[in-house]
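What follows is a short report on a single structure.
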Amino acid sequence: MKIATFNINGIKARIGALTDWLDEAQPDVVLCQEIKSVDEAFPREAFEDRGYNVETHGQKGFNGVAILSKLPLEDVTRGLPGDDSDEQARWIEATVVGETHAVRLCGLYLPNGNPVEFDADGTPLRDGKYGYKLDWMDRLEARARALLAEEMPAMMAGDYNVIPQPEDAAKPQSWEKDALYLPQTRAAFRRILNLGFTEAFRAREQAPGHYSFWDYQASAWNRNNGIRIDHLLLTPQAADLMTECRIDKEVRGRDKPSDHVPVWVTLAA
DNA sequence: ATGGCAAGTGTGACTTGA
C-alpha cells in the first residue's frame, strides 16, 4: 500500500501536475494539503475518473485538506479535536483496509506560525499566529496519544511546517528566528515523536540534503535552497509494516509545480 | 542584508504562505 503526502498549493492550479504525478507514481492514497478550495468546488471528477475516492475538508481561499484513495475511505472525520472555535480546515482522518491490515490515516496541515513576536530578551511570545501554531501542536499531541492507545497501524502525515533538525535545511542559520525552526517548535515536534512514533523518512535515510519544499522566490529550487517540512509519523504497528519511504524531488522541476513535492511510504498492509 | 514568487479573490491590490 503506497501512501503519499503532498501539499499541492491550490487544487485548481495543480490539476495537471497532480494528475500527471498520480498516473506515473500510482499511489493508493494521497493526503493533500492546501487545496485552497471549498468542498463544492473541488474537481472530484479528475480523480474519480482515475479510480480514486475523494474526501475533502475545505474552506474558502486558504488551507484545506483532502484524501484521494483507490481503497474505500471509512469512518471519515474532519477537524482536529480540542478546540471547537477553530474554523481553519487543517485535519482529516479516514480508515483504509488493505489485504492484511486496516490503517488509520490522518492528513494534516500544521499552521505556519509566522510572523513570530519576541519579547525584549528575544524569547518568542506564545501569541498571535505563533501561539496558534503551538496550541495546535498541543492538540496534535493529544490526538497522537489517543492514536497510539488504539495500538493499530496508523499515521499522521502532512505539511508539519516544522524543520526538525539542522540537516533538514540547506541554510539552517537563516531559519533561526522563524516559526518553522524555533527551539519551541522543534521541541513540540519531538514531544510527539518521542511518544513512540517513527518519522518515516529519517528511519530510512540519515543523510543531510533531503528536502520537500523549495520557495518560489530567489531561485530557491535552482540553488537547492530547500527545507524538509513534510513528514509521515507512523505508530509502531505501522512502522513494522513500512518497506520504503521516498521524496519525489524531481516533481519540483516540472511545469507549474507546487512549492512542495510528494513524500511517500509503502506499507506491507 | 535584501528581495525575490505564486495562488486566491475577483478584475485592482490586497492577503497568505514559508
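For the numbers below, each heavy atom of this structure counts, side chains included, while hydrogens, waters and symmetry mates do not. Lettering of chains follows the sequences in order, A, B, ..., and the numbering in each one begins at 1.
- Between the CZ atom of A/Arg223 and the P atom of B/dC5 there is a distance of 12 Å, rounded to whole Å.
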Mark up nucleotides 10-18 of chain B, 5' to 3', with B wherever a protein heavy atom is under 4.0 angstrom from a base atom, S wherever such an atom reaches only the sugar-phosphate, and - elsewhere.
-> S-----SSB
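- Atom name C1', nucleotides B/dT11 and B/dA7: the rounded distance is 15 Å, in whole Å.
- What separates CD of A/Glu176 from P of B/dA1 is a distance of 11 Å, to the nearest Å.
- Partners of A/Arg223 according to the salt bridge (Lys or Arg N to Asp or Glu O under 4.0 Å) rule, which considers only residues two or more places apart in sequence or in another chain, do not exist here.
- Taking atom P in both B/dT2 and B/dA6, the straight-line distance is 23 Å, to the nearest Å.
- Atom CZ of A/Phe42 is separated from atom P of B/dA7 by 16 Å (rounded to the nearest Å).
- With sequence neighbours left out, the side chain to side chain contact (heavy atoms under 4.5 Å, CB included) criterion links A/Ala207 to A/Glu205, A/His210.
- Note: A/Tyr160 and A/His231 have tilted aromatic rings, judged against thresholds of 30 and 60 degrees for the angle between ring planes.
- The gap from the C1' atom of B/dT16 to that of B/dA1 amounts to 24 Å, rounded to the nearest Å.
- Rounded to whole Å, the C1' atom of B/dC5 lies 12 Å from the corresponding atom of B/dA18.
- A/Arg14 comes within 4.0 angstrom of the backbone, heavy atoms only, and of no base.
- If you take CD1 of A/Ile8 and C1' of B/dA6, they are 14 Å apart, rounded to a whole angstrom.
- The hydrophobic cluster containing A/Ile163 also includes A/Trp175, A/Leu180, A/Tyr181, A/Phe213, A/Ile227, A/Ile229, under a criterion of side-chain heavy atoms closer than 4.5 Å among ILVMFWY residues, counted directly or through chains of members.
- Residue pairs satisfying the side-chain hydrogen bond (donor to acceptor under 3.5 Å, both in side chains) criterion with at least one member in residues 23-32 of chain A, sequence neighbours excluded, are listed as follows: A/Asp23-A/Arg50, A/Glu24-A/Arg254, A/Gln26-A/Lys70.
- Contacts classified as side-chain hydrogen bond (donor to acceptor under 3.5 Å, both in side chains) and involving residues 54-65 of chain A (residues at least two apart or in different chains) are given here: A/Asp39-A/Thr56, A/Glu55-A/Arg78, A/Gln59-A/Asn63, A/Asn63-A/Gln88, A/Asn63-A/Arg90.
- For A/His101, the side chain to side chain contact (heavy atoms under 4.5 Å, CB included) test picks out A/Pro153, A/Leu241, A/Ala269, with sequence neighbours left out.
- For the C1' atoms, the distance linking B/dG10 with B/dT15 amounts to 13 Å, nearest Å.
- Ionic pairing of A/Asp259 and A/Arg252 is not present here: no N-O contact between side-chain nitrogen and carboxylate oxygen is shorter than 4.0 angstrom.
- Atom-to-atom, CH2 of A/Trp221 to C1' of B/dA6 comes out at 17 Å; the value is rounded to the nearest Å.
- If you check residues 118-125 of chain A against DNA chain B, you find no residue with a heavy atom closer than 4.0 Å.
- Contacts of A/Trp21 classified as ring pair (Phe, Tyr, Trp, His ring centres under 6.0 Å), with partners at least two apart in sequence or in another chain: A/Phe6.
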